[in-house]
Amino acid sequence: MPLKFYNSLSRQIEPFVPLHQDAVRLYTCGPTVYNYAHIGNFRAYVFEDLLRRTLKYCGYRVIQAMNLTDVDDKTIRGARAAGQSLDEFTKLFKRAFFEDIKTLRIEPAEHYPAATEHLPEMIELIQRLLDRGVAYRADDGSVYFSIGRYPQYGRLTKIKPEDMRSTGRVRNDEYAKEAVADFALWKAYQEEDGAICWDSPWGRGRPGWHIECSAMSMKYLSPSFDIHTGGIDNMFPHHEDEIAQSEAATGQPFARYWLHCAHLVVDGQKMSKSLGNFFTLRDLLEQGLTGREIRYVLLGGHYRQSLNFSLQSARDARAALQRLDDFAARLRQLPNSTETDAPGIVQPLLERAETQFRQALEDDLNMAEALAALFSLIRDVNRQIDQQTLARPAADATLALLREFDRVLAVLDLDREPAVPAEIESLAEARQEARRQRDFAQADAIRDRLLAEGWLIEDTPAGPRLKPAN
RNA sequence: GGCGCGGUAGCCAAGUGGUAAGGCAGAGGUCUGCAAAACCUUUAUUCACCGGUUCGAAUCCGGUCCGCGCCUCCA
């Protein structure tokens, strides 16, 4: 079964066929670095990571570019408010972003181009649009894209300019535009920009929002590339405008597949600061959650479905991950033995799980189904272990498959055995001694003491196992 | 007004024509000195509601109710 994705452009599930044999070219809209990213932003980045990892799992090489928007209204406002240069100001949040994606086990992209490092490319692209007659220079010195001179406008979102309702967000200073729906390619310098501006053939100013993605995707991928992703709220106007300006400039089709992920809501409501349900990753870590738990929650639902994040869902994730950890530990600690081998039982289970897992991912990244494959495998193999029909080689084969799954999931922690402090270790030994003496009152007292110290003890055929209590 | 999404068990969440995955939580059982872990059984006669199509509908069509997103710099 081939890889299939829901393409926002056609609004259908389509088989994925890359343009070039060598690699899949992927452009993912990245952060605006004016603040710490919040959990909703990370939903998108985790989705993009899932896409990237799935492509690789399916055998493709991936060239991914993710932009860093380091010049726009918000970064300018933030830098000026902080009394810093734009670079100083955005550097902090760029660094925070990279720390955060590491915490969430997001695999790095090949390219992280920053807008401010690509002014020549953007200026060149704007010039091409002027030369082609689809852009115009307004009286205020800004350059706008004319959707009136680009009849194909609206292909992605099916929005007709005349149907657009004006909201309060329309800037009242944009009287210079020929049509309300025209969008800025280059914004003429304004007083509130402070020292933040660049020279261009049209005077001082700064690039419009959309142009960076067009310029940088062309540079790092190519004028036509395979997949473009982002949050659903970026479909309009951002992605629509990217398509217009890119295709008008190059005459070539821009991205072939558009994948958009739905929003994350918190406790069933849109995240907002006033509701007190606005979380950065750092906020959640401070509340004692781990990056891995948050990743698991973000991975859990289908990307095109809105995802409800709550502290309850994080607690559920913790319990589910505990099951995964326990299973991995059980496989690792399975004693070497020859008499328990039951060949031919485990291999079909592994094959079935692998097939189900792969097919789920290939089916537009159906993670819920993929996880179901994983959990079914765990039950199946646990049953074999209980019945003592699983030998060391089969345990190793199972671990190897889990390792394969984890190339996509990146939540399993297969090799990490918790480091047990020496005093905890000796308490556990004292308990074993008490048990040997059949002094169970003493043994249970030690067990309670261990729990108070934050350690659970489990008696297994291979001896007691210590694990951190959650 | 335009474009679009959704309502499946206590919670989360798959399933888009063939008789309801999976996770978490709960109940009972097996194992255990007791636990834990694991396993077994159990938890939706039913998928917001009303009609229709069909041998057959959570899935398709029409309508109703409810919730949500975007419509100029939100992932």
Side-chain angles (χ1 to χ4, degrees), chain A residues 8 11 28-32 37-48 69 72-74 154 156-171 174 177 180-184 187 208-210 229-238 240-241 260-265 268-271 296-297 300-302 304-310 312-313 315-323 326-327 329-330 356 360 366-376 378-379 381-387 435 438-441 443-444 447 451 456-460 464-465 467 469:
Chain A
S8 300
R11 304 196 176 184
T28 49
C29 275
T32 302
H38 58 68
I39 183 73
N41 300 126
F42 288 115
R43 202 246 165 135
Y45 307 141
V46 167
F47 147 66
E48 285 152 2
T69 300
D72 80 320
D73 288 353
K74 286 177 293 196
L156 178 64
T157 50
K158 322 283 189 236
I159 283 175
K160 299 190 195 80
E162 60 269 26
D163 289 337
M164 290 199 297
R165 167 182 284 189
S166 249
T167 68
R169 281 154 72 175
V170 179
R171 288 177 59 122
E174 291 193 341
K177 294 193 291 191
V180 216
D182 290 353
F183 57 91
K187 298 183 140 185
W209 174 37
H210 317 299
T229 68
I232 192 159
D233 49 350
N234 268 163
M235 263 176 103
F236 189 87
H238 185 50
E240 195 69 78
D241 291 350
H260 291 98
C261 74
H263 273 103
L264 173 136
V265 294
Q269 288 181 289
K270 185 173 180 171
M271 200 166 34
Y296 187 88
V297 175
H302 188 93
R304 282 191 283 116
Q305 225 54 58
S306 71
L307 178 76
N308 189 29
F309 185 90
S310 64
Q312 183 59 49
S313 64
R315 276 192 290 270
D316 290 353
R318 176 168 294 184
L321 288 168
Q322 184 63 249
R323 180 163 161 85
D326 286 345
F327 180 62
R330 202 174 185 207
Q356 192 190 344
N366 189 340
M367 183 48 72
E369 180 79 30
L371 288 173
L374 171 62
F375 281 103
S376 299
I378 289 175
R379 194 186 302 87
V381 172
N382 267 326
R383 197 181 294 133
Q384 298 307 319
I385 297 174
D386 285 352
Q387 293 168 2
R435 291 180 74 215
R438 304 198 65 79
D439 182 355
F440 296 119
D444 292 351
R447 183 166 62 198
L451 188 58
L456 280 174
I457 195 155
E458 290 176 4
D459 298 316
T460 75
R465 172 184 172 227
K467 69 179 184 186

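Letters A, B, ... are given to chains in the order of the sequence lines, protein chains preceding strands, and every chain is numbered from 1. Side chains included, hydrogens not; waters and symmetry mates left out as well; all remaining heavy atoms used.
Nucleotides rA36(B) and rA25(B) are separated by 13 Å at their P atoms, to the nearest Å. As rounded to the nearest Å, rG52(B) and rU43(B) have P atoms that lie 32 Å from one another. Atom C1' of rA44(B) sits at a distance of 14 Å from the matching atom of rG15(B), rounded to the whole Å. On the P atoms, rG28(B) is 39 Å away from rG67(B), given to the nearest whole Å. rU8(B) and rC12(B) are spaced 8 Å apart, taking the P atom of each and rounding to whole Å. rC3(B) and rU64(B): their C1' atoms are spaced 22 Å apart (whole Å). Atom P of rC70(B) sits at a distance of 33 Å from the matching atom of rA58(B), rounded to the whole Å. Separation of the P atoms belonging to rA13(B) and rG18(B) is 24 Å when rounded to the nearest angstrom.
Of the candidate nucleotides rG4(B), rU72(B), rA75(B), rU72(B) has the atom lying nearest to any side-chain atom of Ala181(A). Side-chain proximity of Asp316(A) to rC24(B), rA75(B), rG4(B): nearest is rC24(B). Minimum atom distance to the side chain of Tyr296(A) is reached by rG23(B), of the listed rG69(B), rA14(B), rG23(B). The side chain of Ala320(A) sits closest to rC24(B) out of rA75(B), rA14(B), rC24(B).
The main-chain N or O of Gly40(A) is found under 3.5 Å from a side-chain atom of His38(A) such that the two form a donor-acceptor pair. Under a 3.5 Å cut-off, the side chain of Glu240(A) and the backbone N or O of Leu156(A) do form a donor-acceptor pair.
Contacts of Arg11(A) classified as side chain to side chain contact (heavy atoms under 4.5 Å, CB included), with partners at least two apart in sequence or in another chain: Tyr6(A), Lys158(A). For Thr229(A), the side-chain hydrogen bond (donor to acceptor under 3.5 Å, both in side chains) partners at least two apart in sequence or on another chain are Glu48(A). Taking Phe309(A) as the reference, nothing meets the ring pair (Phe, Tyr, Trp, His ring centres under 6.0 Å) condition, with sequence neighbours excluded. Here Arg447(A) pairs with Asp444(A) under the side-chain hydrogen bond (donor to acceptor under 3.5 Å, both in side chains) rule; sequence neighbours left out.
Here His238(A) lies out of heavy-atom contact (under 4.0 Å) with every strand. Heavy atoms of Gln305(A) sit under 4.0 angstrom from primed sugar atoms or phosphate atoms, though from no base atom. Among the atoms of the strands shown, base atoms are found under 4.0 Å from some heavy atom of Gly40(A). Counting non-hydrogen atoms under 4.0 angstrom, Ser313(A) reaches nothing in the nucleic acid. Residue contacts shown for Leu264(A) include a base, since a base heavy atom lies under 4.0 Å away.
A straight line from CZ of Arg318(A) to C1' of rG23(B) spans 16 Å, rounded to a whole angstrom. Lys158(A) places its NZ atom 10 Å from the C1' atom of rC3(B), with the value rounded to the nearest Å. In this structure, CG of Leu156(A) is placed 13 Å from C1' of rC71(B), rounded to the nearest angstrom.
Here the CD1 atom belonging to Ile378(A) is positioned 6.0 Å from the CZ atom belonging to Arg323(A), to the nearest 0.5 angstrom. Interatomic distance, Thr32(A) OG1 to Trp209(A) CH2, rounded to the nearest 0.5 Å: 7.5 Å. Remark: Leu456(A) CG to Asp326(A) CG distance equals 9.5 Å, nearest 0.5 Å.
Partner of Ile39(A) under the side chain to side chain contact (heavy atoms under 4.5 Å, CB included) criterion, out of Leu264(A), Leu307(A), Val46(A): Leu264(A) alone.
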For RNA chain B, the dot-bracket notation using Watson-Crick and G-U wobble pairs below 3.5 Å, [ ] for pseudoknot-type crossings and | for other-strand pairs, is ((((((((.[[[..)..(...]]].(((((.......))))).....[[[[[..)....]]]]])))))))....
With the sugar-phosphate defined as primed atoms, P, OP1 and OP2, and the base as all remaining atoms, what B/S/- string results for nucleotides 28-43 of chain B, 5' to 3', for protein heavy atoms under 4.0 Å?
-----BBBBSSSS---
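Remark on RNA chain B: of its neighbouring residues Arg43(A) and Val265(A), the 5'-side contact belongs to Val265(A), judged by nearest-heavy-atom nucleotide.
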